Structure formats: structure tokens, C-alpha cells
Amino acid sequence: MENSSGNLSIDFLVGFTIFMIAFIWVATMIPGLLIGLSAHGIDYDSVAYRSAVILAEDPGTAVKTSSGVTPWEQEDASGKDKIDRLGLAISKDTPNILNRKKVEKFFSTDFVYPEDYREKVIFGDYPYRFNITLLEEGGVLNHTGDPIPEGNYGFIRREVMIKGNSNATIDLTDYKLYKTYNRNTGPTSNLDINATSHDFVIQINRTQLLHGNITDPPVNPSTIAAYQIDPRQDWIIINITDTDKRLPTDAPLPVWVSNATSLATPDVPIKSLKLTKVMLSRSLDDSMTPDIMTGYDMDFLYVGDVLIDGVSLGKTLPQDIAGKDIFLKFKPGFFGADVNDNFGSIYITLTFFTEADCTLNCFPNTAGSHGMPYLNTSESGPWIYNYNVTNVTQPQLTKGVLEVAVW
Amino acid sequence: MVNSDGQLFTIEAIAAALIMLATAYLVVNSTSVYTAGDAHINDMQLEVIGTDALKMMNSFPDSSNNKTLLANLTRYNDGDGFGINFSRVLNSRTGAQPDTIQWMANVSFVRPDGSVNSTYLNMSRPLSGGEHAVKVSQWVIMEGSQLDPSVLGVEKTRLRAVLVEVLLWRD
């Protein structure tokens, strides 16, 4: 006999089915809730890779000011909040070639670990820990961050090159080559001159440095930034040496020097050799107002190892330079750090005072002192800081290794 | 005889089966399994290192040089010189111990008849066949070459482009 004791009603079946489907659907969404808690562990490598790309291939963001645009590496520590992104590359056209000033600034105490680096290099909402290390060929090691842990961490290594600074040495060879000494403009045109004050002018031609050809034929324009002398970003270092060396003996000897055929015997000793004034100007004829070094924010002049700040005792001009080298060390941006500071020349005039001791061995024998030829560009024209490899040691690229670890 | 007895038992069984299936699905879906697909991360790291090494060797160290190191080595088919320089750049690290990436390099160029010739340059050690390698490459411009003097060395003043290809793997 049939009965319906065990039957379920149709409406119950329908309801139960809908309930089961809904339950299974909700249950499948539960793993999605858990993914957010463990995501950071699987993207360490991609965060490390992205950070390394920003460091090695991106030049970073410039800071817009009311007067123009300033590269981030020229910004003071107080203005670091204006920097959006820290990149070490010279430009976007020169990936893996790093700017030395940017490297020094990046690893300096101006940026605080980890907050500043998280905001400007690592990015992301998760508080990653990280270690960034840069080893330059020659052993120079820069690093920031925590020690790398033993466990799980993301890692990337990049091979890079770091652009060096240019520098120049003006020595006796240059004196001979460029005849940067004044001569008697009379008929003999020899060194028989009685002058105690001499102006030696160095020209930093930004137009030529930033817009002229570096080599002949020109290098690839897209990589020119890697080899360019850029006063806005690079150090300009000039060493004037052989300051008390005798001037060329191939020229007719000054008559006043003992009437001898050779300077060897007897010699007229130098009585005084001083650097008396340093002046910066935008024009050779001083038609534009020059800046005379008075000791404010002009910390570029060294006589021997001493910084001549123009204020401290023993560190003002005039300075005795006999037997001492003169260093002119202009920091990046000294001649203007804005991206628009790319035209015009800066003339650096050094004024020397020179006297020979003519109480001995002069002809005719004159008591007292006598002027003498010395470093002087009044006839040769300014000594130019340019891409002539004879004059200036050009920027070199040195190899380096950049490692980024994230955990 | 067919009747409608036991329908509740049937439905109960179906419901139980569905619940078991859902549970199994939840369990399996919650675990992360490291599959061969994630090996692309290691491949990417090797590719980046290898590409950087070739790029650095193919860069002028200063503005006065006419030829890059890689161009000089490739031009004169200097496998030993390539090996020393490439290994040093490839395996340099910031720590004391260098890396141990192995490599094998070839140079390819086009013959006048249009065929592509590939010449062995050097290797750190022979491939055994089981290595998981990645390939990186760099175009090099040079004047003539001793790779195949009968082909590339004839017109020494004409610029040539050759492709340096390197297989990289970790032991």
C-alpha cells in the first residue's frame, strides 16, 4: 500500500535547495577574506624589483619652486617633503648610470630610515622593511636599512655605473703651452717685465658645456648626459700647482736676471708670491657686477689644505702661496642649480702679487724688489674649462653593484 | 514496485554530499601551492642581472673612448677576455662572496647571402642539459671583425652589428 509518510513537500525542497546554494556561494568567498592578510609575503620580489628600477633607471622628481625647478639632490633636508620620488639615474635616457651627487644625498642623514625611503622609493601601504646597498668599484660601500634576515625576503641585484667628476690641473706645462704669462709688449717681447700685479682668469662656459659637442664626432645624443660636464650637478675642481716654478727658460731671459744666459747661476730669488683677490663675474670686462669673495657662502677656495673662508683668523686674503697649491672646488649647483641655469659664462679672476728680490744678482744691480712675469691671461685670453682632454680630465664612469632586499 | 518512500533519506544524502563537496572546496582553495609557474621570478632576476652586465660592458667608460669593451672583445673574438670580464661583472655582489651564475656566450651575425651564422665565444662550464637557463642579448656595433674574417673582416671601415647572446643559469 502506498503512503506519503516519507515525502517532503515541494516547497521545502525548493527552499532547502536555495539555502544550500547560497551557503556554498558564501563559503567560497571566505578565502578571499584571508588573502589580504598574507599578500605582502608573496610580493617581496616584485617590490624589490620595482624599487631597484626606481633607483637605477629613474632620475627622480625635481622640486618646483617659485623661481624655477630644482633637482631633488639640491634640495635641503628641510625641503625633503617636496620630493615625490628618489631616483639615482642621471636622466631617463641613461638608465643604470647614476649621478654621484644623488648617490651621496640618498645615503646621507638627510633622509630618515624607514619613513622617508618608504614614501619615496618603496611605496605601498604595507610597512616593508628593507636594505639598500651600493658597492662601487674601489671599495666604497653605501647602505641604508636593516640587516637582511635569514628567512623569506625579496631580492634584486642591478649592475650600475656611477659618473665621476671632472677636474683640471693647471701647471707649468699649461703655462708653457698657453703662454699664460705676460710679456713685455715692446720690441723684444721677452720676459723683461716689471709687473707686480697679475690677473689669471678661468672661464666656465655653461653654454659650451651643456649645449656643445663633447667629442668630434658627437657622441650619441641620448647618452650625452653620462659624459657631460654639468656645473648644476657635478663638482668642478681646479688645481693650480707649480705656483713658484720658474717660467719657461726657452723664452729670452729677462735682462734684469743677472744678464746670464742660464737661470741656473745665479738665480734671482722670489721675494713675495701672494694671492690677493678672487672675483666671480658673468662678464670678462666686469661690465656685470662681480662678486668679490668676502667670506659668505663662497667656500670654494683652498690654499694648500686650508679653506679660505674670508672670515677666520689666518684664512683671509691675501695668502702666501709659495710652494702651495691652489684648489678651487665648486660644489654642484654653485653656478646655479636650476635647470634653466644652462647659458652664459662665469669668469673666475685670481689676482696675484709677485716680487723678485733684486738685492742680489739683478742686472743692473738694483736695490729692492722687481716685478716679474707670472700667471696672467691678459694676452692669451681666459683659461677655459671645457671638453679638451689636454686641459680637463673628463668624467669617468666607475662600475658598481646595487642590491635591494625587501621583507 | 516504485514508490515515493525514502525521499527524505535521498535528499539528506544529497545535502550531505553537497556540504562535503563545499568543505573540500574550501580546504583546497585556502592553501597556496608553489607551482612551476612561480619560477618566472627567478628567471626575471637572472635576466635583469645578465642584461645589466652586457649593457655595462657595452658602455663607454668616458667620452674619449671610440669602442666599448664588449665591442673590442667581440671584434677580436677574445673569448678569454670576455670570460674574465663578464664573469666578474655578472657575479659581483656587495658582500664578500661572489655569485655563482654560470653562462655560455655566442655571437651571431648575418652573412652576405642572408644566412645567420652563430659563433661560439666562451662558456663558464658546459651545459649538461638539465639546467633551467634564460637568454639575454646585446647588439654590438663594430668595424669589421675577426669572428669571420672572410665575411666581416673584408670591409674594415664599414660598421657592423652583431648580436651577443648569453645563456645564464644557476647551479
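First the proteins, then the strands, lettered A, B, ... as listed; each starts at 1. Remember, predicted model here, so these are calculated numbers, not experimental data.
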query: Atom OG of B/Ser92 and atom CG of A/Leu135: how far apart are they, to the nearest 0.5 Å?
result: 8.0 Å
message: Can you tell me how far apart CZ (A/Arg158) and NZ (B/Lys55) are? Round to the nearest 0.5 Å.
response: 6.5 Å
task: Please determine if B/Asp52 and A/Arg157 form a salt bridge, counting it only when a charged side-chain N lies under 4.0 Å from a carboxylate O.
output: no
field: Donor-acceptor under 3.5 Å (B/Gln45 side chain, A/Phe155 main chain)
entry: yes
Gap between atom CG of A/Leu397 and atom CZ of B/Phe60 - 0.5 Å precision: 11.0 Å
Max heavy-atom pair count under 4.5 Å with chain B, selected residue of A/Gln396, A/Glu136, A/Gln228: A/Gln396
Partner chain B: residue of A/Ile97, A/Leu141, A/Val401, A/Val389 with the largest heavy-atom pair count (under 4.5 Å): A/Val401
- prompt: Under the side-chain contact (heavy atoms from CB on, under 4.5 Å) criterion, do B/Thr94 and A/His143 qualify, and how do the steps go?
  reply: CA-CA 10 Å; B/Thr94 59; A/His143 67 92; over 6 Å; no
message: I'd like to know whether NE2 of A/His211 has more than 12 heavy-atom contacts from other residues, nucleotides or ligands below 6.0 angstrom.
response: yes
message: For B/Leu90, which atoms come within 4.5 Å of any heavy atom of chain A: side chain, backbone, both, or neither?
response: backbone
Residues of residues 15-26 of chain A near chain B, each having a heavy atom less than 4.5 Å away: A/Phe16, A/Met20, A/Ile24
query: Which value, rounded to the nearest 0.5 Å, describes the distance between A/Glu159 atom CD and B/Met56 atom CE?
result: 8.5 Å
task: Grab the two heavy atoms, one from B/Ser63 and one from A/Ile214, that are nearest each other, plus how far apart they are.
output: CB-CG2, 3.5 Å
field: Heavy-atom contact with chain B under 4.5 Å, split by part of A/Gln394
entry: side chain
- request: Could you tell me which of B/Val48, B/Ile14, B/Leu18 has the largest number of non-hydrogen atom pairs under 4.5 Å with chain A?
  value: B/Val48
field: Flag if over 12 foreign heavy atoms under 6.0 Å of CZ, A/Phe111
entry: yes
With B/Thr100 via side-chain contact (heavy atoms from CB on, under 4.5 Å) - residues at least two apart: none
